[in-house]
Colleague: 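Can you read through this structure? Questions will come right after.
Note: hydrogens, waters and symmetry copies are ignored here, and every other heavy atom, side chains too, is used. Remember, it's a predicted structure, so these values are computed and weren't measured experimentally.
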Amino acid sequence: MSNEKWLLRNRKVDLKAMSDKYKISQLLCKLMVNRDITDDNIINSYINPVYENLHSPKTMKDIALAVDIIKRKIQENKKIRIIGDYDVDGIISVFILYTALKECGANVDYEIPDRIKDGYGINENIVKTAYDEDVDTIITCDNGISAIDQIQYAKNLGLTVIVTDHHDVPFVEENGVRTFISSQADAIINPKQIECEYEFKSICGAGVAFKLMEVLYEELGMNKEECYKLIEFVAIATVCDVVDLIDENRIFVKNGLNMLNNTTNIGIKALKKASGLEDKEITAYHLGFVIGPCLNASGRLDSAKKGLELLLMENYEEAENLAQEIVDLNDARKKMTKEGVDRAINIIDSTEINNDKILVVYIPDIHESLAGIVAGRVKEKYNKPTIILTKSEEGVKGSARSIEEYNMFEGLLACKELLDKFGGHPMAAGLSLQEDKVDELRKELNNKCKLTDEDLTRKIMIDASLPLEYLNINLIKELDVLEPFGKGNAKPVFGVRDVKVTKAMLLGKDKNILKLRLLTNNNLTIDAMIFNDLENFENKVIEKYGNEGLDNLYNKFNNNISMDFTFYPSINEWNGNKSIQIIVNGIR
């Protein structure tokens, strides 16, 4: 396990003035400032995530042009084909465009590439099939910005092409100068284009698709409320595509979660039931770790069209069967993921790879659609940038996941002569290369990287030191304002020093939950729950107080063991009584 360093975030800001201005507590102000939420507009949409604070889609480059084209194609009853991507954002983007265009009277169908057969994005095969089937217009979603040749091919065949995407714009680099390139598409909607004046650059593919439909509805004189019904789906894609949960994304997710909890969509209802969420309140956590992975599993182990078909279903019994099939696929995916992670850890711990700063692990028979998830888990364990490679038809393919201190895209760019193909972001990338180059890539990446031991030390950022006697129900309720948590709006981490632990109990049928009795400075007792890494807790107690200290903690009352914790407070309701407890995530 990598060692950790606890750091207290301390930004110099006049919290009192901010608190008076926005009528929220200084603690909330501090937490927002810690998340770089300091701009007036962003603070506003953060505290009031209402539709009025969405930006006007009309400032998006080419959106008016695209709407004109679509309007004309609907009037002429031309055949439109949507081409999506096989992940959650792609599936949802197709769903939004397809549902909304149908509502507007368009003659429309869709195609989603097969992850393994077709690979990412639109390809010549898909274009040729569309042409052969008399499609007039292709609309891409969550892909297309870098499909320069494929779109040229479509244009040569006389097709109309509209691109909606949110990925980085491709460039060629000569002597350190980057020139951005764009395709011959009839309209390209992507806020990441330099010429695009849209003020929020971090919306996901489904967000871009939604914005396009918003303008189309308005132009056709359709009811805006109808368009806003799609926001529950934008919320799923926003959480699952891990874009920053601030500004518009927060408005989508906060409102979308309310809608999802009362959804009328048969597919979502069936999926909630099949995954055991029927009577639970759906949170951002459930989107990211239950609903999203289920939709994703269809694109990983089968066809992404299954996930889309589920959302489009009108018969509840059929939806129940398909939802169950998708949940089973996700369970299979989880099992395969765990096996992949265990194998990767085994290889790292038993070879010299362990000494590398960038982990490159080749596991020939791992399912290629799982390489990214496995890379993410391995990165979490070692806190090192990680690439997991697997054997594919043309050689070796893989996925990379990084840490804040290392730009994976630039790292791969520096080794591009060893790679057949690569693309991605600072934190995540995909690559393919020949088998005989794997070891060379591992050495080259490690030789070129400037990561220090300090960079690889896991940093636990603590938002505020919060003595336990300050906790009260109102403070905890106020923290709910910050939800939903996710990228760019991380769940706050509080710290407390020298807490007296008087007793410990193991709970749960597998005895894998630890409940501690703590004593506050003003001699009140409060419970602390530890849900993971019990071993770590026990080892730390033994280290300082010996085995006897640990035995006493479990078997006697009134022990006096002192520890530091990082935690998040919560309210425990039991038999109608409310009490305050803390959920511990770090110990020292």
Colleague: Ile462 and Gly495: which non-hydrogen atoms are nearest, and at how many Å?
Modeller: CG2-N, 3.5 Å
Colleague: Using the salt bridge (Lys or Arg N to Asp or Glu O under 4.0 Å) rule, collect all pairs that involve residues 40-53, keeping only residues at least two apart or in two chains.
Modeller: Lys21-Asp40
Colleague: So Cys29 and Ile24, do their side chains get closer than 4.5 Å, heavy atoms only?
Modeller: yes
Colleague: Going through the checks in order, is the side chain to side chain contact (heavy atoms under 4.5 Å, CB included) test met by Asp241 and Asp87?
Modeller: CA-CA 9 Å; Asp241 219 51; Asp87 67 358; 3.7 Å; yes
Colleague: Spell out, as yes or no, whether a donor-acceptor pair under 3.5 Å connects the side chain of Lys544 to the backbone of Gly549.
Modeller: no
Colleague: With sequence neighbours excluded, tell me which residues meet ring pair (Phe, Tyr, Trp, His ring centres under 6.0 Å) with Phe422.
Modeller: Phe409
Colleague: Please assess Met427 against Val242 for the test side chain to side chain contact (heavy atoms under 4.5 Å, CB included), listing each intermediate value before the final yes or no.
Modeller: CA-CA 11 Å; Met427 297 295 284; Val242 204; over 6 Å; no
Colleague: Tell me, which pairs form a salt bridge (Lys or Arg N to Asp or Glu O under 4.0 Å) where one or both residues lie in residues 344-360, sequence neighbours left out?
Modeller: Glu352-Arg442, Asp356-Arg442
Colleague: Which of parallel (below 30°), tilted (30 to 60°) and perpendicular (above 60°) describes His167 and His425?
Modeller: parallel
Colleague: Would you confirm whether Lys379, through its side chain, and Leu359, through its main-chain N or O, come within 3.5 Å as a donor-acceptor pair?
Modeller: no
Colleague: Under a plain distance cut-off of 3.5 Å, with no hydrogens placed, do Glu478 and Ser25 share a side-chain donor-acceptor pair?
Modeller: yes
Colleague: More than 12 heavy atoms of other residues, nucleotides or ligands under 6.0 Å from NZ of Lys511: yes or no?
Modeller: yes
Colleague: Nearest heavy-atom pair of Pro293 and Arg333: which atoms, and what distance?
Modeller: CB-NH2, 3.8 Å
Colleague: Which of these passes side-chain contact (heavy atoms from CB on, under 4.5 Å) with Phe565: Asn585, Leu468, Leu518, Asp498?
Modeller: Leu518
Colleague: Closer than 4.0 angstrom, basic N to acidic O: yes or no for Asp331 and Lys334?
Modeller: yes
Colleague: Are any of the side-chain nitrogens in Arg343 or Glu339 under 4.0 Å away from the carboxylate oxygens of its partner?
Modeller: no
Colleague: Can you confirm whether Glu4 sits close enough to Asn383 that some side-chain heavy atom of one is under 4.5 Å from a side-chain heavy atom of the other?
Modeller: no
Colleague: Please tell me if the side chains of Asn560 and Leu519 come closer than 4.5 Å, counting only heavy atoms from C-beta onward.
Modeller: no
Colleague: Once ring pair (Phe, Tyr, Trp, His ring centres under 6.0 Å) is applied, what residue pairs with a partner in residues 29-54 remain, sequence neighbours excluded?
Modeller: Tyr51-Tyr228
Colleague: Run the side chain to side chain contact (heavy atoms under 4.5 Å, CB included) check on Ile403 and Lys384 step by step: do they pass?
Modeller: CA-CA 7 Å; Ile403 56 175; Lys384 291 177 175 182; 5.9 Å; no
Colleague: Using every non-hydrogen atom in the two residues, find where Thr351 and Ile347 come nearest and quote the distance to one decimal.
Modeller: OG1-O, 2.7 Å
Colleague: Could you tell me whether a side-chain N or O of Asn572 sits under 3.5 Å from a main-chain N or O of Ser579, the two making a donor and an acceptor?
Modeller: no
Colleague: Is Lys192 atom NZ crowded by more than 12 heavy atoms from other residues, nucleotides or ligands, each under 6.0 Å away?
Modeller: yes
Colleague: Kindly say whether Thr457 contributes a backbone atom to a donor-acceptor pair with the side chain of Lys459 at under 3.5 angstrom?
Modeller: yes
Colleague: Is any NZ, NE, NH1 or NH2 atom of the basic residue among Glu380 and Arg401 found under 4.0 Å from an Asp or Glu carboxylate oxygen of the other?
Modeller: no
Colleague: Is there a side-chain contact between Leu271 and Cys294, using heavy atoms and a 4.5 Å cut-off?
Modeller: yes
Colleague: Just so I know, are the side chains of Leu479 and Tyr568 near enough to count as touching, which here means a heavy-atom distance under 4.5 Å?
Modeller: yes
Colleague: Any side-chain to backbone donor/acceptor pair from Asp142 onto Asp85? Under 3.5 Å, distance only.
Modeller: no
Colleague: List the steps and the verdict of side chain to side chain contact (heavy atoms under 4.5 Å, CB included) for Leu456 and Tyr382.
Modeller: CA-CA 9 Å; Leu456 296 176; Tyr382 297 97; over 6 Å; no
Colleague: Using only atom types and a distance under 3.5 Å, with no angle test, would you say the side chain of Asp89 pairs donor to acceptor with the backbone of Ala206?
Modeller: yes
Colleague: Would you say Ile91 and Ser298 make side-chain contact, with heavy atoms under 4.5 Å?
Modeller: yes
Colleague: Could you report the tightest heavy-atom contact between Leu471 and Ile580, atom names first, then the distance?
Modeller: O-CD1, 3.8 Å
Colleague: Distance only, no hydrogens: is a donor on one side chain within 3.5 Å (strictly under) of an acceptor on the other, for Lys254 and Asn258?
Modeller: no
Colleague: Which residue pairs pass the side-chain hydrogen bond (donor to acceptor under 3.5 Å, both in side chains) test with at least one member in residues 545-558, sequence neighbours excluded?
Modeller: Glu538-Tyr554
Colleague: Is there side-chain contact between Leu445 and Pro385, with heavy atoms separated by less than 4.5 Å?
Modeller: no
Colleague: Can a donor-acceptor pair be found between the side chains of Asn539 and Glu543 at a distance below 3.5 Å?
Modeller: no
Colleague: Under 6.0 Å from the NZ atom of Lys280, do we count more than 12 heavy atoms belonging to anything else shown?
Modeller: no
Colleague: For Arg300 and Glu368, indicate whether the former's side chain and the latter's backbone hold a donor-acceptor pair under 3.5 Å.
Modeller: no
Colleague: For the residue pair Phe210 and Phe252, does the interplanar ring angle fall in the parallel (under 30°), tilted (30 to 60°) or perpendicular (over 60°) class?
Modeller: perpendicular
Colleague: Show the nearest heavy-atom pair for residues Ala414 and Lys448, with the distance to one decimal.
Modeller: O-NZ, 2.8 Å
Colleague: On a heavy-atom basis, which atom in Val374 and which in Ala344 lie closest, and how many Å separate them?
Modeller: CG1-CB, 4.4 Å
Colleague: Working to the nearest 0.5 Å, report the span between CG of Leu550 and NZ of Lys540.
Modeller: 14.0 Å
Colleague: Does any pair with a residue in residues 501-520 pass ring pair (Phe, Tyr, Trp, His ring centres under 6.0 Å), and if so which ones, sequence neighbours excluded?
Modeller: none
Colleague: Tell me, do Ile203 and Val208 make a side-chain contact under 4.5 Å, heavy atoms counted?
Modeller: yes
